[in-house]
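The next block holds one structure in the form of structure tokens; read it before the comments.
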Amino acid sequence: MHLTKEEERIYKGEEGWTKKKAMEILVAIGDINHASGLIPIKSAHISGVSYKTIGEAFEFVNRLEGTVEVESTLNPIGMDIEKWTEMGISEAFADKQKEVLAAYKKLGISAECTCVPYLIGHAPKKGEHLAWAESSAVLYANSVLGARTNMEGAPSALAAALIGKTPFYGLHQLENRKPEIRVCVKCALTNADYSALGFLIGDLVGDKIPLIELFSSSASSPPGKDELKHLAAAIGATGSVGMYHIKGITPGAEEMESKLSGEKIEIEESDLEEFYTANNEPDVIAIGCPHCSSAEIRRIYELLKTEGKGRKVKKDFFIFTARALMQSVQTQRIVEKIENYGVKVICDTCFVVSPAFENYDCVLTNSGKMLRYVPLLCGGAKARLCGTEECVRAAF
Ligand code: F3S
């Protein structure tokens, strides 16, 4: 990979050990992927920051010095930074998690700890180059916002943040963003159907970029931001592709369609129905993977009012969100009102990356990503998919 004179100097260590290490990571990735060089990025989003997943590897981050070169954000950590005792997190875990967080903050990285940075003032613009980790956010940035990022890992996103550049290959190049397979959806979709659809598409397309044609009729409305967020998260959970196109939504999708030939798959209503047939009895309800938007929090509150009629929930029920989004609904004291029903609103973390949720047998959720990750990362629990409304109804 070609390096400029200044990049060479960094690579040789003339700007210190931290930048040298960061540049070594970028060069190794660039060389493997035949990148022509490095390009400046607008922002970085760094994953793998829960102590549950990073463990002692954070000591490497602790040794880094200086500050990041671009706006940089963090994925959820392993606990709510204010309510961790309520969550049953041990002091030993909390101390380690605080150390991890401090190591990143010291580098100038924003400690908002969410997988939806694009909902809290860090939305990239069309055409901007990024180095984002967290598959759901990568797919959303590429496919809904038209930004350009590869699916970074935690080390490469951090290295890019420290240098302010990333290797120029993959989804940064227009020619690699062409759709490779057409997916025709033959039925109208609502709510968790987008999670089911994403799960299925990720499974079917593997690493081929899909061009998704949604069913259109006067009775069906186009997906909103939250549906697209769930679609992105589920595709990222089961597939290894970094973007999708949807006609009418993804910037430039119509132009890209002319480059598509060959393979086509069709998805019928019956394909999605299979996702709703599990018969395990849930002992917990979790919504907020990816983190709930303020609109979703408000909707859950409305549903609690309708379904609860003043009663408290009979099952553990958690809502996960970003602290800024939680605060945005607090003008109407919605969090207190939700918690009056016995539901817990948790920030900075989520069901999957926190060790606090490993004692359940079956979780009911509207998230396709949780459907994939709960069985793998949450003490062997099962996950069941249903719409938000059914999730709330099942709580009473
Ligand atoms: Fe976010 Fe955790 Fe889901 S990081 S996408 S809420 S697994």
Side-chain angles (χ1 to χ4, degrees), residues 45-54 73-81 87 89 97 100-101 104 110-120 122 132-144 149 151-154 157 192 194-195 198-199 202 225-239 242 284-294 296-297 300 317-326 344-358 360 363-379 381 383 385 388 391:
H45 181 70
I46 297 149
S47 66
V49 291
S50 165
Y51 183 64
K52 173 177 165 178
T53 48
I54 193 173
T73 45
L74 283 186
N75 227 30
I77 53 172
M79 61 189 202
D80 185 311
I81 203 71
M87 289 175 68
I89 295 282
Q97 185 63 78
V100 176
L101 200 53
Y104 284 103
S110 156
E112 286 161 295
C113 305
T114 180
C115 46
V116 292
Y118 49 87
L119 293 184
I120 58 163
H122 306 288
W132 280 21
E134 172 49 48
S135 60
S136 68
V138 166
L139 274 133
Y140 193 93
N142 279 322
S143 317
V144 180
T149 176
M151 189 91 76
E152 301 293 346
Y194 287 93
S195 290
F199 195 102
K225 282 185 190 167
D226 288 319
E227 280 108 1
L228 292 166
K229 182 184 75 172
H230 282 289
L231 180 70
I235 294 179
T238 54
V284 59
I285 296 151
I287 301 183
C289 173
H291 275 171
C292 279
S293 66
S294 46
E296 286 177 304
I297 300 173
I300 295 167
F317 190 152
F318 301 99
I319 296 171
F320 299 95
T321 189
R323 191 162 296 281
L325 295 168
M326 189 265 285
K344 293 207 164 51
V345 179
I346 310 267
C347 300
D348 315 317
T349 186
C350 76
F351 198 92
V352 173
V353 303
S354 172
F357 307 102
E358 290 175 356
Y360 293 102
V363 52
L364 194 62
T365 180
N366 62 357
S367 162
K369 180 162 179 172
M370 281 185 66
L371 214 53
R372 166 52 54 102
Y373 283 108
V374 163
L376 300 174
L377 298 171
C378 301
L385 185 70
T388 311
C391 281

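Every value quoted in this text rests on a predicted model; they were computed, and no experiment measured them. In each ligand, atom 1 is the first atom listed, and ligand 1 is the first ligand listed.
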In terms of the angle between their ring planes, are Phe318 and Tyr360 parallel, tilted or perpendicular, with boundaries placed at 30° and 60°?
-> perpendicular
Ligand 1 to Cys115, heavy atom cutoff 4.0 Å, flagged ligand atoms 1 (Fe), 4 (S), 5 (S), 6 (S)
Give the atoms of ligand 1, by number and element, whose distance to some non-hydrogen atom of Val352 is under 4.0 Å.
-> 7 (S)
Considering heavy atoms of the protein only, find what lies nearest to [atom] and give residue, atom and distance to 0.1 Å.
{"atom": "atom 2 (Fe) of ligand 1", "answer": "Cys350 SG, 2.3 Å"}
{"atom": "atom 4 (S) of ligand 1", "answer": "Pro76 CG, 3.6 Å"}
{"atom": "atom 3 (Fe) of ligand 1", "answer": "Cys289 SG, 2.3 Å"}

Could you check Thr321, Asn75, Thr114 and say which one makes a side chain to side chain donor-acceptor pair (under 3.5 Å) with His291?
-> Thr114
Are a donor atom and an acceptor atom from the side chains of Thr73 and His122 found within less than 3.5 Å of each other?
-> no
Are Glu112 and Ser110 linked by a side-chain donor-acceptor pair shorter than 3.5 Å?
-> yes
Tell me, please: is Ser136 in heavy-atom contact with ligand 1, that is, under 4.0 Å?
-> yes
4.0 Å heavy-atom contact, Gly288 with ligand 1 | yes
Logged contact type for Glu134 with ligand 1, heavy-atom cut-off 4.0 Å, is side chain
One should read off an interatomic distance between Thr238 OG1 and Leu371 CG, to the nearest 0.5 angstrom, of 9.5 Å
Starting at OG1 of Thr349, measure out to CZ of Phe320 and round the result to the nearest 0.5 Å.
-> 7.0 Å
